[in-house]
2 protein chains.
Amino acid sequence: MSKSLLAEQPLRAVPALKPIDTPKTCVEPGEDYRRLAERRHAWSAWPDGDTVTGPPLRSSSMSIKGKPTSFDIAYLAGVSQPTVSRALRGSPLVNEETRNRILDIARQLNYKVDKNASSLRSQQSGTIALLLFEDPTPDDSHINPFFLSMLGSITRACARRGFDLLVSFQQLSNDWHRDYEDSNKADGLILLGYGDYLDYREKLEKLSAQGTHFVRWGAVMEGQPGVSIGCDNYQGGLDITAHLLAKGHTQIAFLGDTSESCPELRDRFLGYQQALKNAGIDTAPALQVDAITTENSGYESLRELLSRGVAFDAIFGASDAIAIGAMRALLEHGYKIPSEIAVAGFDDIPLASYVNPPLTTVLQDTKQAGELLVDNLLRLIHNEPVVSTTIAPRLIVRRSCGG
Amino acid sequence: MSKSLLAEQPLRAVPALKPIDTPKTCVEPGEDYRRLAERRHAWSAWPDGDTVTGPPLRSSSMSIKGKPTSFDIAYLAGVSQPTVSRALRGSPLVNEETRNRILDIARQLNYKVDKNASSLRSQQSGTIALLLFEDPTPDDSHINPFFLSMLGSITRACARRGFDLLVSFQQLSNDWHRDYEDSNKADGLILLGYGDYLDYREKLEKLSAQGTHFVRWGAVMEGQPGVSIGCDNYQGGLDITAHLLAKGHTQIAFLGDTSESCPELRDRFLGYQQALKNAGIDTAPALQVDAITTENSGYESLRELLSRGVAFDAIFGASDAIAIGAMRALLEHGYKIPSEIAVAGFDDIPLASYVNPPLTTVLQDTKQAGELLVDNLLRLIHNEPVVSTTIAPRLIVRRSCGG
DNA sequence: CTGAAAGCGCTTACAG
DNA sequence: CTGAAAGCGCTTACAG
């Protein structure tokens, strides 16, 4: 008996609990689909269920237990199962009248193509996996809101293209054990997150060598493995530093890691240096303090800066989280923002407009970023040429750098 | 030839572009797996690739092109393919030595079980789908941060249980067309989001009737279809209103929709009413203004309240978004918070601690909520008994209601 | 435009 | 503890 006809089987029974493995009806040589389907359907008791009345049916009403398959549709439509498959996928090969009949029946039975079967056969899953790395905050604290925003835009971009999105949080230190593409659960990967780039890079090279389809959000550099999409961090750093200079600040501290481990922050730093250079100002090493993208790190880095005893009249936090942490430290120490110290950030997370005073920062367009990431990944999957790209930053002026 | 041995096929070619459908080697009756595997492997040229040296191999080094299958592992381990399958799933039936040999080879080949095949056969996907409804904000604006926080905790809860998470944004008005469970892409659904409950409820009943496994986050009420997990909104509303009363406020306005469409806000309102009653205070209808959970709606509702000309000394925003919008309106109108007007919210979104003054609110423990949602859904999937549950709210006292 | 046949790569009774 | 056989529900050449 076909599984879909097992009247005894409770609707949607969980296979793990009630294993069933009865042989399915076989086609005798020479027997046609019509007769097969009839035999399949004749065996069941049709006790109840949805009522279907399609054009070419022998009996005017019949029912199907359990999830209908394409064979059930085929029987009811009086066609072969492959024709059903073609019709449902919109193949132009199928006669329009036939197609409509099939679609109609499928709708009535609430038929859904089994994704596992179609993915297995076609070797395409219609799914993208998003791996979110969050090494700086391995605890259950809040995820960086910038990535949350990216997640939102990626989800929407996938949906618009008819792809599903698998979301997975990973420690950068993990082995990325659950390899979504190798297990055929996803056609490609989007990598998102902060962490030690040197560590990260090794894994990227591995992925690249394996031929995995992936794009990552992050610094765009020469000779990187794979495809990267990122903000033009250099330009953003330059723009906001120029803004601080234009507001009359000259002793601008930079809070952020400038090592190879954080190429994004490093690029922002290089932009900062260039802006100063353009203004004829030397970069004072004492005005740079390492920090990673968390509020606490920003807070600590400002205290470190204060302890150095160097004079400064402005802060450029390499990310909003750093800048907001620094603001907290400044306020605690009695500084007035922006009248005594100006503060600027980078990212334009939602919080930036709510802190007091509202934070002047650099917007990274997450919507565009999500679109680009998904588009480029799909290109990779289709073996089309893809190049790493940067998106343009945009200065968002609020009150933290003065009127 | 087996697909995995097609030397001409480029590594990871995309099937859509290079369709290949060559027959696979057949077992002649009486022929054993060993011989089959040898024939399969003998056909290939072994030009290059990973080198494997397992214990019982004839040749000391051989390579496999493309993704290895369980048949490849079986050949190399000198066992049948089902034994490989058992060993990899940790079946106790497999001899330990055999298992280790198999695991070793699988590791060397970087073998990953094909999820589509295993899900198809076992009818279990090991995946949960999260449907996020966001009807009040159908544009590309920011997702409600409370749901983002839930998303994070749900993702982690799934990962801890070895489940993958499919994320999908839906309009409540949609037909939820892509039915993840019916297409066997997911074993169950988690529903999350705001929207008109009456609308929503219809769909829940449909899902329930179809036998879909789902749990939702939201108001827990008698006679609801399916399983709900939610905060004890009544208690939370009562607690925070009692707090406002204890701070000496007696004319407390409630901003939030109290209709059947928003049972969560309604429950908070009922708690608010009860707290006032306990204090011997009548609820003035003029002190209640409808609002949905967005900042703009909160802003507008406060302006509506002001236009009514009723006296009030405190605001209970039925959600943080509403409260924060109301704060903005109050500040614009020159009111001092909390000295002139106290403000309280509900949710404890990350922003709550950053607004000025920091917002006193009710915490909904998203971590616990995520765990409960996932646990209960898994119980449903395993046909274990499940009941709707509320989680306890927790008062978070900050400065917006006065010292 | 349609159908018969094969096969995607697993898991699951069943038999020994 | 292991293997031979069947089958999950599709899609894809192939032939007409």
Side-chain angles (χ1 to χ4, degrees), chain A residues 1-4 15-16 19-34 36 67-74 77-89 91-99 102 111-125 183-184, chain B residues 2-4 15-16 19-34 36 67-74 77-89 91-99 102 111-124 183-184:
Chain A
M1 279 196 293
S2 152
K3 181 202 148 218
S4 62
I20 287 168
D21 201 26
T22 47
K24 113 163 138 186
T25 310
C26 289
V27 198
E28 307 301 332
E31 188 174 28
D32 70 65
Y33 275 93
R34 187 66 149 263
L36 159 66
K67 279 184 194 171
T69 71
S70 54
F71 281 92
D72 297 317
I73 313 288
V79 296
S80 73
Q81 179 271 336
T83 297
V84 171
S85 174
R86 289 186 195 104
L88 292 172
R89 276 171 303 123
S91 159
L93 293 174
V94 180
N95 175 12
E96 192 173 325
E97 196 200 320
T98 312
R99 178 207 319 291
I102 290 170
Y111 169 78
K112 297 278 165 10
V113 172
D114 186 300
K115 280 286 197 173
N116 295 128
S118 73
S119 298
L120 173 60
R121 185 56 177 89
S122 67
Q123 296 292 78
Q124 288 181 296
S125 64
S183 67
N184 279 345
Chain B
S2 150
K3 182 205 147 212
S4 62
I20 285 167
D21 202 27
T22 47
K24 112 163 139 190
T25 311
C26 289
V27 197
E28 308 300 332
E31 189 176 26
D32 69 65
Y33 274 92
R34 187 66 147 264
L36 159 66
K67 280 185 195 170
T69 71
S70 54
F71 281 92
D72 297 316
I73 313 288
V79 296
S80 73
Q81 180 271 336
T83 297
V84 171
S85 174
R86 289 185 195 106
L88 292 172
R89 276 172 302 124
S91 159
L93 293 173
V94 180
N95 176 13
E96 193 174 324
E97 197 199 321
T98 312
R99 177 205 321 290
I102 290 169
Y111 169 78
K112 297 277 166 10
V113 172
D114 185 299
K115 280 286 198 173
N116 294 129
S118 73
S119 298
L120 173 59
R121 185 56 177 88
S122 68
Q123 296 290 79
Q124 288 180 297
S183 67
N184 280 344

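Note on naming: letters A, B, ... go to the chains in the order of the sequence lines (proteins, then strands), and numbering restarts at 1 for each one. Any value given below was found using the heavy atoms of this structure, including those in side chains, with hydrogens, waters and symmetry copies removed.
Both Ala117(B) and Glu96(B) lie near DNA chain D, and the one whose nearest nucleotide falls closer to the 5' end is Glu96(B).
Put simply, Ser122(B) has no side-chain N or O that comes within less than 4.0 Å of OP1 or OP2 on dT11(C). The shortest distance between the side-chain N/O atoms of Thr83(A) and the OP1/OP2 oxygens of dG3(C) is below 4.0 Å. An OP1 or OP2 oxygen of dG9(C) is reached within less than 4.0 angstrom by no side-chain nitrogen or oxygen of Tyr111(B). Dashed line: the shortest gap from a side-chain N or O of Ser70(A) to OP1 or OP2 of dC10(D) is under 4.0 Å. Between dT2(D) and Ser80(B), no contact under 4.0 Å exists linking OP1 or OP2 to a side-chain N or O. Taking 4.0 angstrom as the limit, Ser118(B) places none of its side-chain polar atoms (N or O) nearer than this to OP1 or OP2 of dC10(C). In this model, the phosphate group of dG9(C) is not approached by any side-chain N or O of Arg121(B) to a distance below 4.0 Å at OP1 or OP2. Proximity of Arg89(B) to the phosphate of dC10(C): no side-chain N or O atom is located under 4.0 Å from OP1 or OP2. The shortest distance between the side-chain N/O atoms of Arg86(B) and the OP1/OP2 oxygens of dG3(D) is not below 4.0 Å.
In this structure, Gln123(A) places its CD atom 10 Å from P of dT12(D), rounding to the nearest Å. When rounded to the nearest whole Å, the span between CG of Asn116(A) and C1' of dC8(D) equals 9 Å. For the pair Gln81(A) CD and dT11(D) P, the interatomic distance rounds to 8 Å; values are reported in whole Å. Computed from coordinates, the Lys115(B) NZ to dG9(D) C1' distance equals 19 Å when rounded to whole Å. Between Asn184(A) atom CG and dC10(C) atom P the separation is 9 Å, expressed in whole Å. Rounded to an integer number of Å, the gap from CZ of Phe71(B) to C1' of dG3(D) is 12 Å. Regarding Gln124(B), its CD atom lies at a distance of 17 Å from the C1' atom of dG9(C), rounded to whole Å.
Remark: Lys112(A) NZ to Asp114(A) CG distance equals 12.5 Å, nearest 0.5 Å. Once rounded to the nearest 0.5 Å, the distance linking CD1 of Ile102(A) with CD of Glu97(A) reads 10.5 Å. Here the straight-line distance linking atom CD of Gln81(B) with atom CD1 of Ile73(B) works out to 10.5 Å at 0.5 Å rounding.
Judged by distance alone, with hydrogens and angles left aside, the side-chain atoms of Ser119(A) form a donor-acceptor pair with the main-chain N or O of Gln124(A) at under 3.5 Å. Arg86(B) contributes no side-chain N or O that, together with a main-chain N or O of Val94(B), makes up a donor-acceptor pair within less than 3.5 Å.
Closest to the Leu120(A) side chain, of the nucleotides dC10(C), dC8(C), dT11(D), is dC8(C). Of the candidates dT11(D), dC1(D), dG9(C), the closest approach to any side-chain atom of Asn95(B) belongs to dC1(D).
Under the 3.5 Å distance criterion, with hydrogens and angles disregarded, no donor-acceptor pair is assigned to the side chains of Asn116(A) and Asn184(B).
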Side chain to side chain contact (heavy atoms under 4.5 Å, CB included) evaluation trace for Asp72(A) with Tyr111(A): CA-CA 9 Å; Asp72(A) 297 317; Tyr111(A) 169 78; over 6 Å; no
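Residue Thr98(B) is in sugar-phosphate contact alone, with no base atom involved, counting any heavy-atom pair closer than 4.0 Å across all strands shown.
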How does DNA chain D read in dot-bracket, base by base from 5' to 3', with Watson-Crick or G-U pairs under 3.5 Å and | used when the partner is on another strand? |||.||||||||.|||
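Arg89(B) places none of its side-chain heavy atoms less than 4.5 Å from the side chain of Ser91(B).
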